[in-house]
Structures are given as C-alpha cells and as structure tokens.
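Computed from heavy atoms alone, side chains included, the values below leave out hydrogens, waters and symmetry copies. This one's a predicted model, so the numbers in the text were calculated from it and none came from an experiment. Labels below follow one simple rule: chain letters A, B, ... track the order of the sequence lines, proteins then strands, and each chain is numbered from 1.
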Amino acid sequence: MKIQEHHARDIFQKYGIPVPDAEVATTPDEARELADKFGCPVIIKAQVLVGGRGKAGGVKLAKDSDEAFEKASQILGMDLKGLIVEKVLVAPAVDIDKEYYIGITLDRDRKQHVVIVSSAGGVNIEEVAEKTPEKIGKIWIDPAYGLHSFELRKMLFGAGFEPKVAIKAAGILKRLFTAVTHMDMSLVEINPLVLTTDGQVLAIDAKINFDDSGIYRNPELKVLKESEDTDPIEIEAHARGLTYVRLTDGNVGIIGNGAGLVMATMDEVNRAGRGIAKPANFLDIGGGAQAELVKNSLEVVLSDPNVKSVLINVFGGITRCDEVAKGLLEAIEGIELPVPVVVRLAGTNWEEGKKILEGSRFTPVESLEEATEKIVGWMTEKSSV
Amino acid sequence: MKIQEHHARDIFQKYGIPVPDAEVATTPDEARELADKFGCPVIIKAQVLVGGRGKAGGVKLAKDSDEAFEKASQILGMDLKGLIVEKVLVAPAVDIDKEYYIGITLDRDRKQHVVIVSSAGGVNIEEVAEKTPEKIGKIWIDPAYGLHSFELRKMLFGAGFEPKVAIKAAGILKRLFTAVTHMDMSLVEINPLVLTTDGQVLAIDAKINFDDSGIYRNPELKVLKESEDTDPIEIEAHARGLTYVRLTDGNVGIIGNGAGLVMATMDEVNRAGRGIAKPANFLDIGGGAQAELVKNSLEVVLSDPNVKSVLINVFGGITRCDEVAKGLLEAIEGIELPVPVVVRLAGTNWEEGKKILEGSRFTPVESLEEATEKIVGWMTEKSSV
Amino acid sequence: MSIIVDKNTKVVIQGITGREGQFHARQMIEYGTNVVAGVTPGKGGQKMDDVPVFNTVAEAVKETGANASMVLVPAAFATDACLEAVDAGCKVVVLITEGIPQQDMIEVYHTCKEAGVTLIGPNCPGIISPGQCKIGILPQDIFVEGPVGVVSRSGTLTYEVVDGLTRKGVGQSTCIGVGGDPIIGTTFKDVLVDFDNDPETKAVVLIGEIGGLDEQDAAEIIKDLKTPVFAFIGGRTAPPGKRMGHAGAIVSGKGSTADAKMEAFRAVGVPVADTIGELVDMAVASV
Amino acid sequence: MSIIVDKNTKVVIQGITGREGQFHARQMIEYGTNVVAGVTPGKGGQKMDDVPVFNTVAEAVKETGANASMVLVPAAFATDACLEAVDAGCKVVVLITEGIPQQDMIEVYHTCKEAGVTLIGPNCPGIISPGQCKIGILPQDIFVEGPVGVVSRSGTLTYEVVDGLTRKGVGQSTCIGVGGDPIIGTTFKDVLVDFDNDPETKAVVLIGEIGGLDEQDAAEIIKDLKTPVFAFIGGRTAPPGKRMGHAGAIVSGKGSTADAKMEAFRAVGVPVADTIGELVDMAVASV
C-alpha cells in the first residue's frame, strides 16, 4: 500500500527525520489561513497518490495569502490522472541550496534491503544512475550485520555529498531504516532531500510503500489503508475481502481461482478478443473458495457498467467446482443476469459442478478456448448492434 | 543502576509482560483503600532496593482491609538492611499453581546475553542449578542471529515447563529481550513467574539492573536513577558528579585518581591499619582532574563524620599533580582542616605539586608506604586517647 | 528420478493439528508420502491419525529422522517455524503459508542459504515428484510419472499444465510451485539447474509472470543447459503499479513486464507459448 | 621485541581533531609513534599539524597504509568508529572511550573476533611498546624498554608499577591497559599467551581487580606458559554490589571477589603481591 505525502510526513516526524513545517487544508480558506500562519511564499501541493503531480499542475507556489487561496481553489477538486484532489498540503517555501536523493527499498533479486543515494536529487533517479553513475551510492544491507553509520558516511562521501550534508543524511538514513523495519516499508524515497540556504537538511517530498503482508502488525496503517482506493468498485470489492483490480477500457468481467490463472485468462481474452473483447478486471477467488465468496465475486464484477459479458475460469484443486457452481447459482437467485456469463470448470468435482449449472442461466464450457470463443462471439454481436 | 519493583512492573506493562494488578501506597490508609479496591486477601510488599525482603519481614499477607492497614503500618517506616521503607506495593494475592524462574543477563565471559530459565522458581536459582540441573535451561544469544521463539520453546520444554506455560513464557522472554535491548538492561529476572490456578501466567516479582552507560539514551531512567541513593553523603557526592562509594565502619577518607589506584590505596590502609585504620570511602577523581573537582572531593570526604584522617594518593599521568595541589589549597581556604590529611603525589608535575603544598596544613609524603605510616600513626594516637 | 524430493524424503508437518494441516497431511499420506511426524508446540505426545506429534522439530527429527518439513502455520508464526526446521537439520523446507511480511523472509532466506537448506515458497502450493513424494497442497490426482519438469510461480496454472500433459499421456518428473511472493527461497534459476542435472527430466515447462527479474535470471543461464525449456508468461494485460493477487505480481519497472520476460526468453532461444494449451503442446512434442 | 604494536605499526586516530584527540596525537607523535592519519567525518582534507585528516577510515587506510586505529570519540559514536576501523582493514583497534553501553560492545567484540582484529579496551589507557610505539593516553615518560610485560585493568596502577620498575632499572616489553569495563576486547588470557610467545618478555606483571572472571580464566592457562607471572588484585576492601569507579569493578558473586581471584592465582603457583611495591620487587627479582 501507498500513503499520501502528508501521512508520510507524520511518520517521518515520529522517527526524527527533519521535515519542513506544513499542514493540510481541505478548503481554499484553510489554505489562506495556513499561508498567514506560516508566512509567504508557500507551496500548495495536491495530496493524491499519483506521480508527476508537479508537471500535471498539482503543485503551485503562492506569493501571498490571497494567491494561496486562489491556487488552492485551482488545485482542490482538480482531476489528477483520474483522482480528484480533496486535500492540499500547505508548506512555507524553503530556499534551496542543493537537492539530493536518498531512499531504501527491498531488492527482490538479492533478497535484502538496499540504500540508494544520489547527490543529484529532485530528478529521476534512474536517469541519474544511467548518465552520472558516480553520483550514485548503494549499500545492500546484510541482515545479520545491520546498517551502520560509518558505511552510510562512506557511501555518501563517495557519491559526492557535501560533508555537512553527508553527516546529517547518514543520521537520517539510519532512522529511516529503523522506520522501514518497524513499519514493514517496502520502499521509502526522499526526493528531494534538500540543503537549505540557511544550512538545514530537510525531507521535502517523500514516497512510502508498505508491504501489505506487514499491515497486520502495524495497526496505525490500517486506518490509512482505507484511503488508498479511489475507484468505487475497487472500494466495494476490497470491503468484501476480494482480490480485485479494475482495468480501464475493458468489457469482459474475469473471475478465476489463482492469480496466475486469472492473469492468463485476461491475457487470453485480450489476445483472442482482437480489440473487440478486453478484460475489464482481475478477480481471484483464491484457493478453497466457498459459495459465499463466489457470490460476492460475481456481484462485484457485474456492478461494473463497462462489463458486457463475464468469463469464469476455475481449475479445481483445493477449490471444489461444485462449491463454485453453488455460489454462482446463489449469486443470481432472484436477480436478472444482465450480461451473458460463460463458466469453465475443470479439476476437482468439475462434473458435479457442471451438473449443478445445467439448465441455469450460465453457459458452461469445458475449455478456456471454448470460453473465449463464446465471449468473442457475444462481444462481436454487441459491437455490431 | 537498579530500580524498585513497582517501577519494574511499569516497564513490564509497557513491553506486554503480564503482571498482576498492583498499586503503590505510601500510607496505611492508602493501603487499606487499595485492599478494598482490589479485594482481599492482598500482599503488601516493601519497596526498597534490597534482596531477601520476605525473610526480613518486608512482605506480608493481609486477609482483609483492616489487616492491610495494620500490615502496611508495620512495614512503612521499617528499617530493611539500612533502608527505611517509604512505599509499599499492594497487590491482590493470586492462587499459585506452580512457580518458575526466567531471566536474561549479560554474560561477561562469553560477551553475549544469556537467557536462563528454571521450572523450579521462587527459590534461589543458583541452588537449583547445582542440585537439579535438569530443571535449568540456557540460551546464549548470538548477536547476529538474534533470539527466536522456537529456541525458547525448545529450551523451556527441555527444562520441564508445562506445555501451556512454555508457550506463554517463550512469548514473555521474547518481549523481555526487546526490553533488554531497548533499555540497556544488564540483568532482568522474573522470580517467580507463576501459573495461577485459573491458568494465567504472571510475573509476580522482578529484578532489573540497568547498564549505567546506557542511561544517556534512556531518558525515562534518569528520573528513576535519582531515587537509588539513600546515603546522604553518596547523594551529595553524586550530585557533585563524583565517583564516590561510602563504606561502613571506616575512619580514613580515601581520595585518588583511577579506580584501581583508589582500591589499592583502600586495601593498603586496611592491611597496614591492622584494625585501627580502615578505609571510609572510595573516591576516584578520574583522569585529568581540575582543581575544582579536587576541592569538591575533599569537601565531600570531610563531610563524613566517621572520617578521622584522610589519605590522598595521586599518580599523575594526564592528571597534573600541581592542579591537584592547587585544588587542595582552594578546598581548605578559609576553613579549618578538621582532621589530618596526608598527600602523596607522584608522576606528572609531582615536584611542582609538592612545592605548592609546602607550608600548608597538608602533610606531603613521597610514597604510599610513607602515607599509610602517617595514617596509622594518627589513628593509633586517636584510639589511644 | 526427480529433484529435491523423492522416495527417501521423510516429512515432518509443522502445524499438523490445524484444520488445514490435518487435511493436507492425510492427502499426502494417501498419496504415499512418507509423513513421519507432526509438530504443534504444546501438543507433543498426541497423534494425528497414526502420525506422532511433537512439541519441537528437533524432537521430531531426533525421533523419526525427518529430513524435510512442510510449514503450514499462520503467517505470524511461519518464519519462526522455518528457522526451527533449519535449526533441527531439515534439508528441505516447503513453506506454504501466504501473507508473510517480506522482511521476515529476508532472514529465513539467508539462514537457509547459509545452512544449505532448500527453501520452497512462501505462498506456494509445494512440490511433487509423482509416484514418490508430495509436499504441499497440490491436487494429486492429476499428476503421473514422466519426463517433463514443471516449475511455476502460479499454483492453478501448474495444475492446468499438468492436467494437459497428463491427458496427452505425458507425465512429470517433478513439479514445483516456487510461490507468488517477492522474496522466495527457490527461484526458476535454481530449479532449472536441478532439472538439468536430472537424467530423467527431458524437458522443462516454466510458467512465469509479471514482477521481479527471476525470469531474466533464469534466461541468463539457459544457454548453459542441455534440457529444452518452454515458457509461458502471465500478466500481459496487467496494468502497471497494481498487485495482481500475488504479492510479487506487479509491474513496477521495465524488467517486470510480461513483454520484457518473454523477450528475455526468446533472446536465448526459449520458445514462449501464447496460451497454456500451446505450452502443453510444445512440451508434449519435445519428448 | 614486543606484542601487538611495534615499529611497523601505522596509526590512524579517529577523533583526531577533538581537544583530547589533538593532545594525545601530539604526545604519541612526540614519543615516536608513526601516526599516519586522522579521521573526523566532515573534516577530510584538513591537517592536524602534519597529519592528514580524512572523512573515512577507509580513505585513510587507502592513502596511508594505516594498520591500527586509536578511537577517541564520544561514547555514542565510539562503537560505530570501531566497526569502521575493522571494515577498513585495521588489525589493531585501541578503544580509549569510557561509558560505552555494554550491548553496543557485544557487537564490536564479536565483529572484531570474526575479523581477526585485536581490540583493546574500551575504557582503557591503551598500549605502549616502549621505544617503538604508543597508542593511547599513557604518560610516556615513565616507560623504558626492557624485559617485563605489564597487563592491567587499571591505568594508574599500571603507571605505578612501571614507575617502580623503571626506577629500579627494569624496563618493559609492552604495557597494556585492557580496560575497566565488563566487556573488553582483549583479556588477561589473550595477553598472557602473546607475552609467552614473545622471546624478549622474561616476566609478566598482571594487575587484576574485583569483578568478572578474567583473572580465573587467565589462571587456568598459566600452567601451559613458560614465562613467570606475578599478580596483584585490587579491591579487597570493596563492599559487595557497589561499582568501584570502573563499570566492571563490582563484587556480584563469589568468583568476582579479590580473594577468589588471589586464590585462583595462588592455586596455579602465581605469586600474588600484597602491595604494588611488593609486586615491583617480585618482578625485578625475577629478571
């Protein structure tokens, strides 16, 4: 999961990482008040979970409090890559002498955390790594040895950090790693970390990703977790405990058991669909699904107005096909099935499952190929209507 | 440093270690109120930093709240091995099914923490280790590998802990080790850890020692630290930043530079003194002492009414003997020197130091042998008067 | 023959007395797996059917000679269970549990590596060498002995492939679900090397997906192997930045896309199938 | 000859630009110690007198070939400084700083052990091989070359003994203050073995004190050594349970008393002196 900048700021403060003054405003009036409180100029920043806010017009400078009101009015309610801005962060502008990048992430390949720093911050770190690798420093953290200040200083001096910044950045990274381990962060980036003209070192902007598997032991994150979803169907699906991802521009609802099978089904619909049939979502009912879960799944998929047909693909292992079939029948009990649904059942108890679906409003098939044929047929009909 | 039982209890609660209900009372009336609040019978326990409170009469059971008042009256104000009891802890008595011992301490020899458990608790753990070693379990903690629940369970099952207790004790020890590392504990013992008749596992009594060198980063301990001293001269000495320990039955004040030298001086006074001269204190002025510190030291030592003569033994290294001599003169400026003081200066600038003391009320000598001779002479005079 | 597990594998199941543990223990025993012990702390001395239950893995290993463990305990306890298995001397640890925090896995991964223990998982269906030994939760009826090795990040797709192979009369040497998490103990690369050293594995089917670089790592060493490999990559339609069910299935950079992975395999001459059906056909044709 | 440090020792001083650091660096240089570098993070490029200052020990080692470090930085930074010296390849680390938390020392101790680094201290005056090299804060004027090795938990008592020896015309091979803390890098045992392997050390003077079991550990191996050892133990009058200045000087159990230590030495034939004067006389008479 990701969190918004102002939440990241709160976490930084808790771990002793220096951040500039800032507060959240939800109305232009509040933004004006904050501008008065901090003294101008102030920066007004949209609080949404998308990258490239600045380029998209979500970050603006205000010279006085009237301008703060005006800029906040522009940003609040703005649509940033599909997300409506509901909050802005108001912060006094700092005079920046130099910008740096520091971050810690989990290296999947090496199976350990890696600290990455760059003396060229405020820009795309991957570009820096490509063009001026001498400005980049890295330390892979040996889990038994831990992370030590001296290693950090060595790396920071080596990457060209100014001495006084290097020493402060080493302290910041040490505390950041404490935060990473305490809170199960899979990524934390401070970009830029700045040296101000009056000699302070501050984390100006930050990105934090959390390992979803660690949320159970970080209760304070559970609260923030809810705010991540913005799509109404995703919100509903996650509230029902479903593993659901909505795609834009799709028209075929996809349900399956096992992430790999669902992805493969999506891919196959897309491939065989040749632009006419496209997957509208990912929905994995997981292993050993009971009827209730299947019912919920179908309801959620059908609630997407873009969905014009549905493909259900189940290969029974722990999951029993008869349970799936039962759930499907329950799901449509008493309701009209608004779009055609094809069901492919294989593996454990597939025959029982097929029998249960016989005579129902579902269309049973025996292979994925057969299923996609049906889907493509239906979607072709619809598009030619 | 050590802390009192009720402070240990607070720390345990913070780290999720189960303790019985309990509160502190400073008057018999408060004890009665607590007895009413908790329900009787209650245990009344003297809060002083000495071992063997129970045998000395500092722990009593009260059947009803009147008895709680009465027993608290007996314990409050009691002299336990030289310490006056000012607080008692009132706790509802628990029905104990079985007692255990668990603890973590720093093993100086192996240079690592060691977890020690015994399925025979409530008694002297060293005796258990000698007589029934099969009831003892130990794990030395590899600092790189850490401490894991499975190791604890294996040890606990091996030492004969009942299954349900073993599992809870493993969790308690894991949290205890977190506390040990967070708070720089050099020793923590729960004795007894009990299984109550209603199936709870509780830490009934505990002892915690803290590494004094870690106090700087555990600000919450600084507050407790002050309460440890009970001797008024030790309180004054420590307030002045001096490394001072008072001895009972001594009559010769000892001041020196370096812990080893001071101890050796004490030993030599005791040996040569043949029962007539005995060291009254340990006072180490440390390395590089300035005049002010020397002045403070002499004042503190002279404030002990038992002190009938003083031996100052300085071997100058970083410490300059002329600085020491200057401090001595400052210390007695304008005051009467109540007892004779012999000063032995050697090493860096000893000749300058000696010159400064010439004609003063101090008695300069050139060796420790000569110094003890003087001391023994004076003390013999005094005892024969 | 087979890799990692075979007739000589003696299995201890950590978490055997739980609902899931009991069910899968019985399945494994029914399949013929030599399940010698179970472990549930506090339940030592009991039995699960005929399987003795111990308080610790150390005791189980000492009493029964178990050399492999299946870990089927909740995420909060699973890594401790793995470390216990390693400490007790198990040489194979199959970690089924899903939802284990990644940083806990860092410790387990490196501890296993140092101890020379083969860790499979987490978040995986396990491993089966048909006719010899199954450790995991795979639906065993579809597997038959034969020449094709199967390795996959997805459970259900493994079953699809195996079902297809079996229906066409082609059996499997060993099938391994390496798991869908970002940090897994055994990767494609490890398994490909093992299969290559197994004389009876004549072809390998590899089912990859978006996320990470394990497919690329595998592609790098394929030129040194003699056994043909056929690949399939899931997630071509996955939107970037979204986890697709598996914690590790996320497009978060160039290398993590399905296209990049397919390209990596094609570049070293590995045929990449468009569909599972095609993948099955490729493997069948090659043996 | 000498042990641990000699003419070939090239010293880097961590904390050289501090008040203490400057003072002792100058003393050491005046004594003839080959001080090749200083380290103060952020002051790289400066000089302390003629000594170049670097930001990191790694740089100092690379540029100057330093092989030993003296650490003279505040307690909160001292263990990190030691780990830095080890990481940079220093083979001797002399840790003068007092007041370092014991659990921080656990890490440093084991890291040094694994890396084969001789750690002296913490809370110690350092080491001197008279006429060759001094690393530490010992008052150098009293030392002369000669046949007696001195090892002590106390700084000032070391000076007393050395002063006595020198006044009687007997010099020292190497003198080491091992430090007054509970956890120290180099113990009596280690040093006795080193002295025994040094052909020019003809006798060893050992000054112990209350607390811990290092004296007993040393006594245990003395029967295997050929060099005579003379001992003194401070703290016979120390009350139990009270720290006597040194963090490690505390009577907290039977073995930690002065009597127990004296008994342990006498039991293996080591003469134990009643006074420092007697100790000096014993050593002088033996060489």
Partner chain B: residue of Ala247(D), Ala249(D), Gly235(D), Ala258(D) with the largest heavy-atom pair count (under 4.5 Å): Gly235(D)
Residue part contacting chain D, namely of Thr319(B), when any heavy atom lies under 4.5 Å: neither
Could you walk me through whether Met266(B) and Arg236(D) pass the side chain to side chain contact (heavy atoms under 4.5 Å, CB included) check? CA-CA 8 Å; Met266(B) 291 163 67; Arg236(D) 281 164 283 169; over 6 Å; no
Quick one about Thr237(D) and Asp267(B) (side-chain donor to acceptor, distance below 3.5 Å, no hydrogens or angles considered), yes or no? yes
Rounded to the nearest 0.5 Å, how far does CD1 of Ile183(D) lie from CZ of Arg110(B)? 13.5 Å
Can you establish whether the number of heavy atoms outside Lys374(B) located under 6.0 Å from its atom NZ is more than 12? no
Are Lys242(D) and Glu234(B) within salt-bridge range, i.e. N to O under 4.0 Å? yes
Heavy-atom distance under 4.5 Å to chain B: side chain of Ile137(D), backbone, both or neither? both
Should the heavy atoms of other residues, nucleotides or ligands under 6.0 Å from OH of Tyr15(B) be counted, would the total exceed 12? yes
Could you pull out the closest heavy-atom pair between Leu157(D) and Gly260(B), with the gap in Å? CD1-O, 3.4 Å
Test your reading of the model: is there a side-chain donor-acceptor pair from His110(D) to the backbone of Ala144(B), 3.5 Å cut-off? no
Heavy-atom cut-off 4.5 Å, strictly under: side chain, backbone, both or neither for Asp141(D) against chain B? neither
Any side-chain heavy atom of Gln102(D) within less than 4.5 Å of one from Ser213(B)? no
Pair count under 4.5 Å, heavy atoms only, with chain D: among Leu106(B), Asp142(B), Asp284(B), Val262(B), highest is Leu106(B)
Donor-acceptor contact below 3.5 Å, side chain Arg108(B) vs main chain Gly248(D): yes
Once you round to the nearest 0.5 Å, how far does CD1 of Ile142(D) lie from OG1 of Thr348(B)? 8.0 Å
With heavy-atom distances below 4.5 Å as the criterion, would you say the side chains of Glu107(D) and Pro143(B) are in contact? no
Looking at Asp104(D) and Arg217(B), is there a salt bridge between them, counting it only when a charged N and a carboxylate O are closer than 4.0 Å? yes
Quick one: which of Gly253(D), Gly180(D), Ala76(D) has the most heavy-atom pairs under 4.5 Å with chain B, could you say? Ala76(D)
Of the listed residues (Thr243(B), Leu261(B), Val245(B)), which shares the most heavy-atom pairs with chain D below a 4.5 Å separation? Leu261(B)
Is it the side chain or the backbone of Asn257(B) that comes within 4.5 Å of chain D heavy atoms, both, or neither? both
Below 4.5 Å from any heavy atom of chain B, which atoms of Ile210(D) appear? Answer side chain, backbone, both or neither. side chain
Per-residue contact mode, Thr158(D) against chain B (heavy atom under 4.5 angstrom): neither
Answer key: most heavy-atom pairs under 4.5 Å with chain B among Pro139(D), Pro182(D), Gly245(D), Gly99(D) is Pro182(D)
Sort out for me which of Gly258(B), Ala259(B), Gly286(B) touches chain D most, counting heavy-atom pairs under 4.5 Å. Ala259(B)
Is there a donor-acceptor contact under 3.5 Å from the side chain of Asp211(B) to the main chain of Pro101(D)? no
Sort Tyr216(B) into side chain, backbone, both or neither according to what part of it lies under 4.5 angstrom from a heavy atom of chain D. side chain
Carefully, step by step, assess Ile276(D) and Leu368(B) under the rule side chain to side chain contact (heavy atoms under 4.5 Å, CB included). CA-CA 9 Å; Ile276(D) 291 295; Leu368(B) 181 56; over 6 Å; no
Contact class of Val180(B) relative to chain D, heavy atoms under 4.5 angstrom: backbone
Do Pro239(D) and Phe282(B) have side chains that get closer than 4.5 Å, going by heavy atoms? no
Atom group of Arg153(D) that falls short of 4.5 Å from chain B, counting heavy atoms: side chain
Heavy-atom contact with chain D under 4.5 Å, split by part of Asn313(B): side chain
Of the listed residues (Arg271(B), Met263(B), His113(B)), which shares the most heavy-atom pairs with chain D below a 4.5 Å separation? Met263(B)
Could you tell me which portion of Glu268(B) (side chain, backbone, both or neither) has an atom closer than 4.5 angstrom to a non-hydrogen atom of chain D? side chain
Hey, does Ile106(D) have a side-chain heavy atom less than 4.5 Å from the side chain of Ile141(B)? no
Does Thr156(D) reach the main-chain N or O of Phe315(B) with its side chain, forming a donor-acceptor pair under 3.5 Å? no
Could you tell me whether Glu98(D) atom CD has more than 12 heavy atoms of other residues or ligands within 6.0 Å of it? no
Answer with side chain, backbone, both or neither: which region of Tyr109(D) has an atom nearer than 4.5 Å to a non-hydrogen atom of chain B? side chain
Between Asp184(B) and Gln103(D), is there a side-chain donor-acceptor contact under 3.5 Å, judged purely by atom types and distance? yes
